[in-house]
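Please read the structure below before turning to the comments.
Numbering starts at 1 and runs along the sequence shown.
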Amino acid sequence: MASGVQVADEVKQVFNVMKVVKTDDDEKERIRIVQLWIDGEIKVENIYREKDLEGVDNVFKFIKDLMRPDQSRYFLYDCHFDTKESGRKEELIFMMWAPDNGPMKSRMQYASSKSAMCRVVQGVKHIFEIHDVEDMEPDSFAERLKHNVLKMEGHPLRGN
């Protein structure tokens, strides 16, 4: 069931910037995380670039801190990880955060509007629904990527 919520043009523009990374782009200006919310339409709430994450040791903890227990949100995430087969990989991920204990109305609104976002973010490698911050632990997140992941965001996984 679709909610009829529209996706703002800014969201589409930001996604297009994220999915096409040019070699001559300034790495510090690269968009890594976009937090989206519904306020009449799906809008950009916050954009975090590589330079904003320079002092952040743990990107997963940073994202988990954005996932408030009383608010549903969407996230676009430029995930960096290392695999056994091909070394460093970067994949774009769309996540819907709808906390199990969050307000039912908000969870339903985000769930029913997800299809509108999915039409906009065609080409992302992964679409995840996250209902518990434990799903954002690097090891469990890596399992969802379906690769033999050795490191997530530069940090070794516990199993390696």
Side-chain angles (χ1 to χ4, degrees), residues 1-56 58-81 88-133 135-136 138 140-142 144-147 149 152-154:
M1 178 174 104
S3 68
V5 172
Q6 300 294 310
V7 179
D9 288 340
E10 181 187 16
V11 173
K12 298 171 188 175
Q13 292 164 353
V14 167
F15 173 69
N16 286 330
V17 168
M18 288 182 82
K19 75 178 182 178
V20 180
V21 177
K22 299 175 184 158
T23 55
D24 61 343
D25 285 348
D26 182 353
E27 186 66 26
K28 292 186 183 302
E29 292 298 321
R30 183 173 180 172
I31 299 171
R32 291 291 311 279
I33 303 164
V34 180
Q35 186 177 19
L36 308 164
W37 67 315
I38 298 175
D39 181 26
E41 63 183 353
I42 300 170
K43 298 179 179 180
V44 172
E45 184 174 13
N46 291 302
I47 296 176
Y48 300 95
R49 298 178 183 280
E50 188 68 45
K51 66 183 178 185
D52 301 321
L53 300 175
E54 282 181 350
V56 175
N58 187 328
V59 173
F60 283 94
K61 182 174 180 339
F62 182 84
I63 295 172
K64 280 171 48 174
D65 289 346
L66 296 175
M67 295 177 161
R68 298 198 21 210
D70 60 338
Q71 294 178 337
S72 295
R73 289 291 186 267
Y74 298 123
F75 291 88
L76 289 170
Y77 171 38
D78 179 12
C79 182
H80 298 184
F81 56 96
R88 184 165 175 86
K89 292 185 71 84
E90 299 172 357
E91 294 184 350
L92 198 51
I93 299 169
F94 169 64
M95 299 183 292
M96 181 185 80
W97 164 246
D100 283 333
N101 297 326
M104 178 64 74
K105 182 178 178 181
S106 174
R107 290 183 10 230
M108 291 185 70
Q109 183 181 30
Y110 277 76
S112 64
S113 302
K114 180 179 151 196
S115 61
M117 272 302 299
C118 287
R119 284 191 296 275
V120 169
V121 298
Q122 289 183 1
V124 298
K125 290 282 188 176
H126 306 279
I127 297 173
F128 296 156
E129 286 190 21
I130 312 256
H131 302 285
D132 188 314
V133 291
D135 294 335
M136 286 302 294
S140 58
F141 197 87
R144 298 175 96 176
L145 293 173
K146 306 286 188 227
H147 296 287
V149 178
M152 296 291 302
E153 298 292 344

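Here the side chain of H131 pairs a donor or acceptor atom with the backbone of A98 at under 3.5 angstrom. N58 contributes a side-chain N or O that, together with a main-chain N or O of K61, makes up a donor-acceptor pair within less than 3.5 Å. Proximity of a side-chain donor or acceptor of W97 to a complementary backbone N or O of Q71 within less than 3.5 Å is detected. For R107 (side chain) and D100 (main-chain N/O), a donor-acceptor pair under 3.5 Å exists by modelled atom type. A donor-acceptor pair under 3.5 Å links the side-chain atoms of D52 to the main chain of R49, judged by distance alone.
Note that the CD1 atom of I31 and the CD atom of E29 stand 9.0 Å from one another [nearest 0.5 Å]. To the nearest 0.5 angstrom, M18 atom CE is 5.5 Å from D78 atom CG. Interatomic distance, CG of L66 versus OH of Y48, reported as 4.5 Å (0.5 Å rounding). The CD1 atom of I130 sits 5.5 Å away from the CE atom of M136 when rounded to the nearest 0.5 Å. One distance of note links CZ of R144 with SG of C79; it measures 12.0 Å at 0.5 Å rounding. Distance check: Q109 CD to W37 CH2 gives 11.0 Å after rounding to the nearest 0.5 Å.
Side-chain atoms of R88 and H80 form a donor-acceptor pair, as typed in the model, at a separation below 3.5 Å.
At a threshold of 4.5 Å between non-hydrogen side-chain atoms, the residues V14 and V17 do not count as touching. You'll find the side chain of I42 reaches within 4.5 Å of the side chain of S113, heavy atoms only. Considering only heavy atoms from C-beta on, L76 comes within 4.5 Å of V121 through its side chain. In this structure, K114 and I127 have side chains that are in contact, with non-hydrogen atoms separated by less than 4.5 Å. Using a 4.5 Å heavy-atom cutoff, the side chains of R32 and E153 are in contact. Within the 4.5 Å cutoff, no side-chain heavy atoms of I93 are placed close to those of K125. Side chains of L92 and K19 form a contact here, defined as non-hydrogen atoms less than 4.5 Å apart. V124 has its side chain within reach of F15: a pair of non-hydrogen atoms, C-beta onward, lies under 4.5 Å apart.
Across all non-hydrogen atoms, the minimal contact from I38 to Y110 is N-OH, 2.8 Å. Nearest heavy atoms, V7 versus K12: O-CE, 3.6 Å.
Ion pairing between R73 and E45 holds under the 4.0 Å rule for side-chain N and carboxylate O. Here K28 does not pair with D26 in a salt bridge; the nearest charged N to carboxylate O distance is not below 4.0 Å. Taking 4.0 Å as the cut-off between side-chain N and carboxylate O, E27 and K51 do not count as a salt-bridged pair. A salt bridge does not link E50 with R30: none of the charged nitrogens is closer than 4.0 Å to a carboxylate oxygen.
Heavy-atom contacts from other residues, nucleotides or ligands closer than 6.0 Å to CG of N101 number 12 or fewer. Counting heavy-atom neighbours within 6.0 Å of E91 CD, excluding the residue itself, gives a total above 12.
Taking the ring centroids of F94 and Y74, they lie under the 6.0 Å cut-off.
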Trace of the side-chain contact (heavy atoms from CB on, under 4.5 Å) decision for L53 with I33: CA-CA 10 Å; L53 300 175; I33 303 164; 4.1 Å; yes

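Between F60 and Y77, the ring planes are perpendicular. Angles over 60° get that label, and only those under 30° would be called parallel.
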